[in-house]
Asker: 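Next up is a structure, given as structure tokens.
Numbered from 1 within each chain, the chains take letters A, B, ... in sequence-line order. Hydrogens, waters and symmetry mates play no part in the numbers below; they use all other heavy atoms, side chains included.
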Amino acid sequence: MTVRVRFAPSPTGFLHVGGGRTALYNYLFARNNGGTFILRSDDTDEARSTDEFRADILESLRWLGLDWDEGIEAGGPMETYRQSARLSRYQEVVAGLVADGKAYYSFATPEQLDTFRKEAMAAGKSPAYDGSLEPSAADAAARVAAGESATVRFAVPRPGSTVFDDVVRETVTFDHAQVEDFVILRSNGTPTYHLASTVDDVDFGITHVIRGEDLLSSTPKHVLLTEAMGAHRATYVHLSLLMGPDGKKLSKRHGHTAIKAYRDEGYLADAMLNYLALLGWSPGDDDTVIALDEMVKRFDLATVSKNPAIFDTDKLLWMNGVYIREMPAADFVDGVRSLVEVDLGRELAADELDTLGEIAPLVQERAKLLNEVPAQVRFLFGDIEYDETSWNKVMTKDGAAEAVAGATEHLTAVGEWSVEAVEAALRAMLAERELSARKGFQPLRVAISGSSVSPPLFESIAALGRERSLDRLATAASRMV
RNA sequence: GCCCCGUUCGUCUAGCGGCCUAGGACGCCACCCUCUCAAGGUGGUAGCACGGGUUCAAAUCCCGUACGGGGUACCA
């Protein structure tokens, strides 16, 4: 049997990190098995679904590099992969179920249901509605014929129970006393999530339903529905949820939850994927940094962990640094160029691009976020701006003025302007003035870059050029008196 | 309330009855390297929720308790 899995977000919000992980696990499982990865849009909630969210989900998935084989915008054997376009099919299924006596028209009002549930709870019993408030079949038929509006509920066999083997949770049992006669068709004729999602899974030939644990208790409904349709149930896989640092459900107040927010902050898709993969799965062999194709080879649903994972950005940040350092130098420059240009508010000239190329490898070693880069290279492309804290800490110390004066003297004498020549000149200055490297170079760093933290000094000076470097030393000297 | 799921360092995890004096990674601390900051290197810190069983032997199996998460809609 060929594996067919789907990622079926509902466009009622941005693709968040938990959704990204679910998509990734579906992708890994499909690729590992030579199966098909399908993208579907579970947009039965018209009121909350928007095109903005639909676009965000596609864009986020593409950014991550999780390409799907079939579904939204990719096409495939099905006519459509949007639930909002499959209304008639759902109504057809519901009609069949009603005809078979597996579902019924329900006239219970919200108030009646509310009372039913409250009373059940007060009695310490399950609040699951069992259909006991409904009229006889004949009455129901008459009322429907008379045009009275009603929902359609699935008739859960009672007594009974549903048992299924979840790949990560093993055998799970639900007594039907806990499963209510759930609504499958709203009174306005639209399907509920349970119906639409299950019908799609059946129609699309989904073999493995890999989704969040929040749907675990809905699974008996899906199993019942599937079997009522005369179909074979899928294998279910419920992934634990992602939590915030305080152990509570991950939400906005913990920081960013949207995948795209991480892209915008300067995270790399590969780092994101690697980090997300490790939240609930381990490739074994004590490996931590692992590429997508390697994950595909080693992925195994049976080893996915059962417990919720906390989304910890410290580790993500570290991992992003690892991936930045692993980037080919040219890719790094490409990735950072537009950020630098946005920061400067203008495009980089050809010679400035060369300068960026020169300094980039040194910055690449240090960055953990792409977005940190502009601030680190800004001194090369604009006027000097002093960080006052740095200035006060460094330029008021003994020897600072002497270092600047000495550097001016020695650098003026440099012939060919190169990293080596600059270093030789400055080290000679140190020896002559009997200054330690620390005391002698920090003032120069502040004079050149404006900050006590910068890319390596000699390279920075070499990249800045003779004129501008000497100019900055002069500016600093005059500011010090 | 009721139902379901879970519980190994602060965090992500390895572990599937003896290889565990519990391994790796992030974080943190120290040292080394060093022109700053990073990176890198070395070392260190810290954990089997608790209580009962089962067994010659339990982090690993069973039961209970506690705690956490999810569900309990004409949301998904």
Asker: Give A:Gly280 one of three labels, base, sugar-phosphate or nothing, depending on what nucleic acid heavy atoms sit under 4.0 Å from its own.
Answerer: sugar-phosphate

Asker: Name the nucleic acid region contacted by A:Arg325, choosing base, sugar-phosphate or nothing; use a 4.0 angstrom heavy-atom cut-off, strictly under.
Answerer: sugar-phosphate

Asker: Which is true for A:Leu430 with a 4.0 Å heavy-atom rule: it touches a base, it touches only sugar-phosphate, or it touches nothing?
Answerer: nothing

Asker: Between A:Arg40 and A:Asp200, is there a salt bridge with N-O shorter than 4.0 Å?
Answerer: yes

Asker: For A:Thr173, report the nucleic acid contact type (base, sugar-phosphate, nothing); a contact means any heavy atom under 4.0 Å.
Answerer: sugar-phosphate

Asker: Under a 3.5 Å cut-off for both distances, is B:rG68 Watson-Crick or wobble paired, and to whom?
Answerer: B:rC5

Asker: Using a cut-off of 4.0 Å on non-hydrogen atoms, how would the nucleic acid contact of A:Met243 be classed: base, sugar-phosphate, or nothing?
Answerer: sugar-phosphate

Asker: So A:Leu279, base contact, sugar-phosphate only, or nothing? Heavy-atom distance under 4.0 Å.
Answerer: sugar-phosphate

Asker: With heavy atoms under 4.0 Å as the rule, sort A:Phe182 into base, sugar-phosphate or nothing.
Answerer: nothing

Asker: Establish, from distance only, whether the side-chain atoms of A:Gln83 and A:Asp42 form a donor-acceptor pair under 3.5 Å.
Answerer: yes

Asker: What is the base-pairing partner of B:rA30, counting Watson-Crick and G-U wobble geometry with both distances under 3.5 Å?
Answerer: B:rU42

Asker: At under 4.0 Å between heavy atoms, what does A:Thr44 touch on the DNA or RNA strands: base, sugar-phosphate, or nothing?
Answerer: sugar-phosphate

Asker: Under 4.0 Å, heavy atoms only, any strand: does A:Ser187 hit a base, just the sugar-phosphate, or nothing?
Answerer: base

Asker: Going by the rule salt bridge (Lys or Arg N to Asp or Glu O under 4.0 Å), which residues pair with A:Asp314 if we only count those two or more places apart in sequence or in a different chain?
Answerer: none

Asker: Using a 4.0 Å heavy-atom cut-off across all strands, classify A:Ser282 as base, sugar-phosphate, or nothing.
Answerer: sugar-phosphate

Asker: Any ion pair linking A:Arg117 and A:Glu180 (charged N to carboxylate O, less than 4.0 Å)?
Answerer: yes

Asker: Over all strands shown, is A:Arg169 touching base, sugar-phosphate only, or nothing at heavy-atom distances under 4.0 angstrom?
Answerer: sugar-phosphate

Asker: Within the 4.0 Å heavy-atom criterion, would you say A:Gln376 contacts the bases, only the backbone, or no part of the nucleic acid?
Answerer: nothing

Asker: Which value, in whole Å, describes the distance between the P atoms of nucleotides B:rA66 and B:rG24?
Answerer: 36 Å

Asker: Please name the nucleotide paired to B:rA25 by Watson-Crick or G-U wobble geometry with both distances under 3.5 Å, or report none.
Answerer: B:rU11

Asker: Quick one: label A:Ser451 by what it contacts on the DNA or RNA (base, sugar-phosphate, nothing), any heavy atom closer than 4.0 Å.
Answerer: nothing

Asker: One pair to check against side-chain contact (heavy atoms from CB on, under 4.5 Å): A:Thr151 and A:Ser106. What are the steps and the verdict?
Answerer: CA-CA 5 Å; A:Thr151 60; A:Ser106 167; 3.4 Å; yes

Asker: Give none if B:rC35 has no partner; otherwise give the nucleotide forming a Watson-Crick or G-U wobble pair with it, both distances under 3.5 Å.
Answerer: none

Asker: With no angle test and no hydrogens, is the base of B:rC35 tied to the side chain of A:Arg438 by a donor-acceptor pair under 3.5 Å?
Answerer: no

Asker: Would you mind pulling out the nucleotide paired to B:rC75, Watson-Crick or G-U wobble, both distances under 3.5 Å?
Answerer: none

Asker: For the pair made of CZ in A:Phe174 and P in B:rU72, what is the distance, rounded to whole Å?
Answerer: 11 Å

Asker: Any strand is fair game: report the nucleotide pairing with B:rC16 by Watson-Crick or G-U wobble, both distances under 3.5 Å, or none.
Answerer: none

Asker: Counting only heavy atoms not in A:Asn188, do more than 12 fall under 6.0 Å of its CG?
Answerer: yes

